[in-house]
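Presented below is the structure to which this report refers.
Side chains included, hydrogens not; waters and symmetry mates left out as well; all remaining heavy atoms used. Just so we're on the same page: letters track the sequence lines, and every chain starts at 1. Note that the structure is predicted; figures quoted are calculated from it, not measured.
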2 protein chains.
Amino acid sequence: MKIQPGETKLGFIGTGVMGKSMAGHLIDTGFSLSIYSRTKEKSQPLLDKGASWCESPKAVAENSDVVFAIVGFPSDVREVFLGEEGMLAGAKSGTVLVDMTTSEPSLAVEIYEAAKAKQVHAVDAPVSGGDVGAKNAALSIMIGGDEEIVSALQPCWEAMGKTIVYQGKAGSGQHTKMVNQTLIATGMIGVCEALLYGYKAGLDLETVMKSVSSGAAGSWSLANYGPRMMGNDFDPGFFVEHFIKDMGIALAEARRMQISLPGLALAQQLYISLQAIGHGRDGVQALILALAEMSKIDWKSR
Amino acid sequence: MKIQPGETKLGFIGTGVMGKSMAGHLIDTGFSLSIYSRTKEKSQPLLDKGASWCESPKAVAENSDVVFAIVGFPSDVREVFLGEEGMLAGAKSGTVLVDMTTSEPSLAVEIYEAAKAKQVHAVDAPVSGGDVGAKNAALSIMIGGDEEIVSALQPCWEAMGKTIVYQGKAGSGQHTKMVNQTLIATGMIGVCEALLYGYKAGLDLETVMKSVSSGAAGSWSLANYGPRMMGNDFDPGFFVEHFIKDMGIALAEARRMQISLPGLALAQQLYISLQAIGHGRDGVQALILALAEMSKIDWKSR
C-alpha cells in the first residue's frame, strides 16, 4: 500500500474541536478528503477548503482508501464503524479504517477482527495534546494494529502529529492512551491539593511555583494547568465529561485485567463530584473547584 | 549583617547524605566551619577538609555567626535547636540559626519566636533535589523568616543551591516544601499505576514512555523514577521512611487548617503499606512494589 497526496483518497469522520484541525492538515498536505460529521455546520470550513460532503460514514468509506474517525464516546465509535450506516458496511477490500477517538481497547480489537473478516484493515490511534496540539499538528499519536499498515500511513500521521509511536497489535494504541490518562488524572489531584494547601497556608502561589515547578515536583500539568487554576480560567481545552469517560474505560479495563488502581479510582470520583456541582463542560483544570468545595474554600473569589 | 568567606564563622549540624555535600560546598566557598553530627565518623571527610569538630550543637552555636542544620525528624530538630545542649542555649545575640531539615511549619514558628526572645534570628530553609542536587549544589531552597536576614545569607544559599526563593515569614519555607511533597506524593501514585496498567495490558513499557513522557502526562517523577522502577533499581535517593514523615507533617498541617487532601492521604497509606512489606529504607520509587503487591503482580521478576 502506498499513500500519496493526489492519489490516495482519504475520508474523515467527526469534525469537532479536534477533528476539524486534523482534517484541515490532511487537506493542506494535498490529500482529497470525503467527510461526514453529525453536525454538518461544523464541517463548513473544511467544505470551503475543498472537502466533499457524504451523507453517512458508510458513504465516506465507499469513497475512500483510508478513513480517519475522531468522535465522542465508545457508543459513537461502535455506530460509526460497525453500525448499519457505518464504515465497515461501505468499505471495500483493502480499505484502512483508523479510529483516533479515545475509546475502549476491547472495542478496538472487536473492530479489528470484524474488519479483518472483510479484508479491511483497522487501526487504533488515539491522540494526546488537546485542541492546541491538533491545531499545531503537534499531537502525540499512539498506534495499534498491523505494523505494515501503520507504517504505510506515515504521511498522514506526520500531517497531524509530532510524536508518532507504534505500540503494537490492535488495541495497543488505546491501552497506551489509558496509561497517559492515568498519569494525568492522578497527577491532577496533586496539583489541586498542593495549590489549596499553599493558599490556606498563606503562601503567595506564584512565588511557590518558582520553588516547585522546575524540580522533582514538576510536571506538565503543574506548569500548564496550575496557572489556569490560579487565574480562574476554566475554559475547556479538554472537557471534564470526556475525561470521566476515559477514566471509566481505564478502570473497566483494569478491573478486567485484575489490577487495583486506587489513585485513578479516587481521581474519577473527584471528577464525578466536579461534574455533579455543574462543571462537566468545563476544562479538566476545574478539578480544583471540587477539592475546594470539599473544604468550603471559595477558590474563585479568594 | 555582612556574610563573607574568611570573616563570617559558619557552623553545620548533621553531616548525613545531604549535609555532607552541603557543608562541603560551604568550605569550598572559603568559609571556616564548625561541625557537629550524631555520628562523628560521618564528619571525617569534612574534618579532613579543615572543619572543626564540636561536641554539641550548643558548642557549634557558641563558635559561629551562622549555623545550618539538616537532621532527620522534627524531634531531632527540636533537640538540636531548643534542647539543653541545643543551639539556642549557646547562641549569642545576633546569631542566625537555619533549619534546612524538612520539618513542621509550626515548629519553625516556635523556634523563630524562641530565638527572637534571645535576639537570635531563625530561618527555615528546607531543600528539594535529593543527594544528587546536594552534590551538584543544585538544590531548590525554599526559605521562610525575616527577609533582610535571608538576603544577607545569599552567599551561603548560592554555595548550596540553584533555585533560591524567599517565600515569606517564618514557617513559609516549610509550608512550601509541603506543597512540593504533596505534588510528588500524589504524582507517584499515577506513575506506578500507569506502569502497572501498561505492563498488564501487554505493552512494551519503554515504547509507552516514548508516547507519554513528553506530553501532557509528563513529569519529573515519570522521567526519573519511571526508568528506575522499570529497571528494578530501588536504591534510596530519598528514603521511604522520610517521605512518610513528610506526608505526615503535611496531613497534620492540612488537618489543622481544615483542608481535606484525599490524594495525599491515599499516598501516605500506600507508602505505609510499602514500609510494612519491608521497604522503609528503599527509595521512594519502590512504591510500585506496594501497588504491585495489592494486585499480586510479581513486578521484580516480570
Side-chain angles (χ1 to χ4, degrees), chain A residues 105 128-130 133 140 142 163 165 167-168 172 175-176 178-187 189-191 193-198 200-204 207-208 210-212 214-222 224 250 253-254 257-264 266 270 291 294-295 297, chain B residues 105 128-130 133 140 142 163 165 167-168 172 175-176 178-187 189-191 193-198 200-204 207-208 210-212 214-222 224 250 253-254 257-264 266 270 291 294-295 297:
Chain A
S128 170
S140 170
M142 307 159 225
T163 308
V165 184
Q167 292 290 349
S172 299
H175 274 311
T176 302
M178 293 301 124
V179 169
N180 191 79
Q181 302 306 72
T182 298
L183 286 162
I184 296 174
T186 314
I189 305 175
V191 173
E193 293 189 2
L195 292 181
L196 287 169
Y197 179 103
K200 283 287 269 190
L203 301 173
D204 178 77
T207 308
V208 170
K210 287 182 195 156
S211 280
V212 304
S214 63
S219 67
W220 190 97
S221 291
L222 179 65
N224 289 275
E253 290 286 333
M257 298 188 289
Q258 290 273 294
I259 342 174
S260 170
L261 301 180
L264 182 61
L266 173 62
L270 293 171
L291 280 149
M294 282 173 63
S295 300
I297 296 171
Chain B
S128 170
S140 170
M142 307 158 224
T163 308
V165 184
Q167 292 290 349
S172 300
H175 274 310
T176 303
M178 292 302 124
V179 169
N180 192 78
Q181 302 307 71
T182 298
L183 286 161
I184 295 174
T186 314
I189 306 175
V191 173
E193 293 189 3
L195 293 182
L196 288 169
Y197 179 103
K200 283 287 271 190
L203 300 173
D204 178 76
T207 308
V208 170
K210 287 182 195 157
S211 279
V212 304
S214 62
S219 67
W220 191 97
S221 290
L222 180 65
N224 289 274
E253 290 287 332
M257 298 189 289
Q258 289 273 293
I259 342 174
S260 170
L261 301 181
L264 182 60
L266 173 62
L270 294 171
L291 279 150
M294 281 173 63
S295 300
I297 296 170

Give, for atom OG1 of B/T186 and atom CG of A/L266, the distance between the pair rounded to the nearest 0.5 Å. 9.0 Å
Should B/S295 and A/L261 count as side-chain neighbours, where that means a heavy-atom distance under 4.5 Å? no
Ignoring hydrogens, what is the shortest heavy-atom contact between A/I259 and B/Y197? Give both atom names and the distance. CD1-CA, 3.6 Å
Correct closest heavy-atom pair for B/K200 and A/M257 would be CE-O, 3.2 Å
Looking at chain B, which one of A/G187, A/S219, A/P105, A/A254 has the largest number of heavy-atom pairs inside 4.5 Å, strictly under? A/S219
Side chain from CB out, backbone as N, CA, C, O: work out which of these in B/L195 comes under 4.5 Å of a heavy atom of chain A, or both, or neither. neither
Taking all non-hydrogen atoms of both residues into account, name the closest pair between A/L183 and B/A194 and its distance. CG-CB, 3.5 Å
Report which part of B/T163 has an atom under 4.5 Å of a heavy atom belonging to chain A: side chain, backbone, both, or neither. side chain
Select one option (side chain, backbone, both, neither) describing which atoms of A/T176 are under 4.5 Å from chain B's heavy atoms. both
Under 4.5 Å to a heavy atom of chain A? For B/L203 that would be side chain
CG on B/N180 to OG on A/S211, rounded to 0.5 Å: 8.0 Å
Side chain from CB out, backbone as N, CA, C, O: work out which of these in B/S172 comes under 4.5 Å of a heavy atom of chain A, or both, or neither. both
Locate the shortest heavy-atom distance separating B/T207 from A/Q167; write the atom from each residue and the value. O-NE2, 3.0 Å
Nearest-0.5 Å distance, CD1 of residue B/I297 to CD of residue A/Q258: 10.0 Å
Max heavy-atom pairs within cutoff under 4.5 Å with chain B, candidates A/G198, A/G130, A/A201, goes to A/A201
If you compare all heavy atoms of B/E193 against all heavy atoms of A/L264, which two are closest, and at what distance to 0.1 Å? OE1-N, 2.9 Å
In terms of heavy-atom pairs under 4.5 Å with chain B, the winner among A/A216, A/P262, A/G129 is A/A216
Quick check for you: to the nearest 0.5 Å, what is the distance between A/T182 atom OG1 and B/I189 atom CD1? 12.5 Å
